[in-house]
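All values below were derived from every heavy atom in this structure, side-chain atoms included, with hydrogens, water molecules and symmetry-related copies excluded. For ligands, and for the atoms within them, numbers begin at 1 and follow the listed sequence.
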Amino acid sequence: MKFLPSHESDLRELLQWRRDVRNFSTREIEPEVLAKLEASIDLAPSVGNSRPWRIVRVSDEENRQSVIRCFEQQNLAAACDYKDETQTEYLALKLAGLKDAPVHLAFFTEPDPEEGRGLGRRTMPETLVYSTIMAIHTFWLYSRALNVGVGWVSILDPEEIKDILDVDNNWQLTAYLCVGYPKHHDDKPELHRKGWQHDQSAVWIDR
Ligand SMILES: Cc1cc2nc3c(=O)[nH]c(=O)nc-3n(C[C@H](O)[C@H](O)[C@H](O)COP(=O)(O)O)c2cc1C
């Protein structure tokens, strides 16, 4: 397969318009679209091809509500780390679309998967979590290509999420994703639009 210049410009646009989404329409994702998104994860790289991701579809309403409560508690605790007008600014940010997103996915990492037979991770076991993150990014970009939005929620207590979802205690919560059709599309991160922060240039060093 040889890629054409049009592939590069399409990919650039996809990357430029990929967003972390917190405002979802309540429109359900069609099963065939969801199936494609789920299948995209199989295309992700992983250390020693260990595929250590374990993904929970959180559709039980009680579980969803428990996750929302966990987020609200942790978000309030996070707000207490800021003072004065910065705290007010923080509280005005929308940092999760948990209530509206039709699909919730919890991505865990299995810390000792049989697949891959340990290859590549002896000195850097953290590469297992990196692998799950590669799967998430693959899923994120593929979602965008189908006009589906993804919002990453890390303002959660991972141990509480493990309890709520009743998963293997060894698994490590790597990401909790909201997935659904976005209310709007944008080529600027929401935190920039709200004036919370702006990007610094990447740090490059020559040796
Ligand atoms: C590891 C990780 C955790 C994140 N956690 C949250 C979160 O808890 N809440 C939130 O609103 N955004 C979260 N984000 C999204 C970032 O805020 C977002 O990617 C960043 O502001 C840049 O915006 P963009 O993704 O639209 O380019 C997270 C992103 C990553 C990669």
**OP:** I would like to know whether Glu72 and Arg69 meet salt bridge (Lys or Arg N to Asp or Glu O under 4.0 Å); could you show each step before the answer?
**Re:** CA-CA 5 Å; Glu72 285 168 349; Arg69 276 196 299 279; over 6 Å; no
**OP:** Quick one: look at Arg22 and ligand 1, take heavy-atom pairs under 4.0 Å, and tell me if it's side chain, backbone, both or neither.
**Re:** side chain
**OP:** Evaluate the 4.0 Å heavy atom contact test for atom 30 (C) of ligand 1: does a protein atom fall under the cut-off?
**Re:** yes
Subject >> Short N-O contact, Lys188 and Asp199, less than 4.0 angstrom >> reply: no
**OP:** Pick, from Ser154, Ala96, Gly151, Ala78, the option with the minimum heavy-atom distance to atom 5 (N) of ligand 1.
**Re:** Ser154
Original post:
Considering only heavy atoms of Arg18, which atoms of ligand 1 have at least one such atom less than 4.0 Å away?
Top reply: 24 (P), 25 (O), 27 (O)
**OP:** List every atom of ligand 1 that sits less than 4.0 Å from any heavy atom of Leu191, numbering the atoms from 1 in the order shown and giving each element.
**Re:** 17 (O), 21 (O)
Original post:
Within a reach of under 6.0 Å around CD of Glu62, are more than 12 heavy atoms found that belong to other residues, nucleotides or ligands?
Top reply: no
**OP:** Kindly state whether the ring of Trp196 and the ring of Tyr82 have centres lying under 6.0 angstrom apart.
**Re:** yes
Subject >> atom 27 (O) of ligand 1: nearest protein contact (heavy atom, Å) >> reply: Arg19 NH2, 2.7 Å
Subject >> Residue that, paired with Arg51, satisfies salt bridge (charged side-chain N to carboxylate O under 4.0 Å, His left out) out of Glu115, Glu114, Glu110 >> reply: Glu115
**OP:** Using non-hydrogen atoms of the residue, decide whether Lys188 is closer than 4.0 angstrom to ligand 1.
**Re:** no
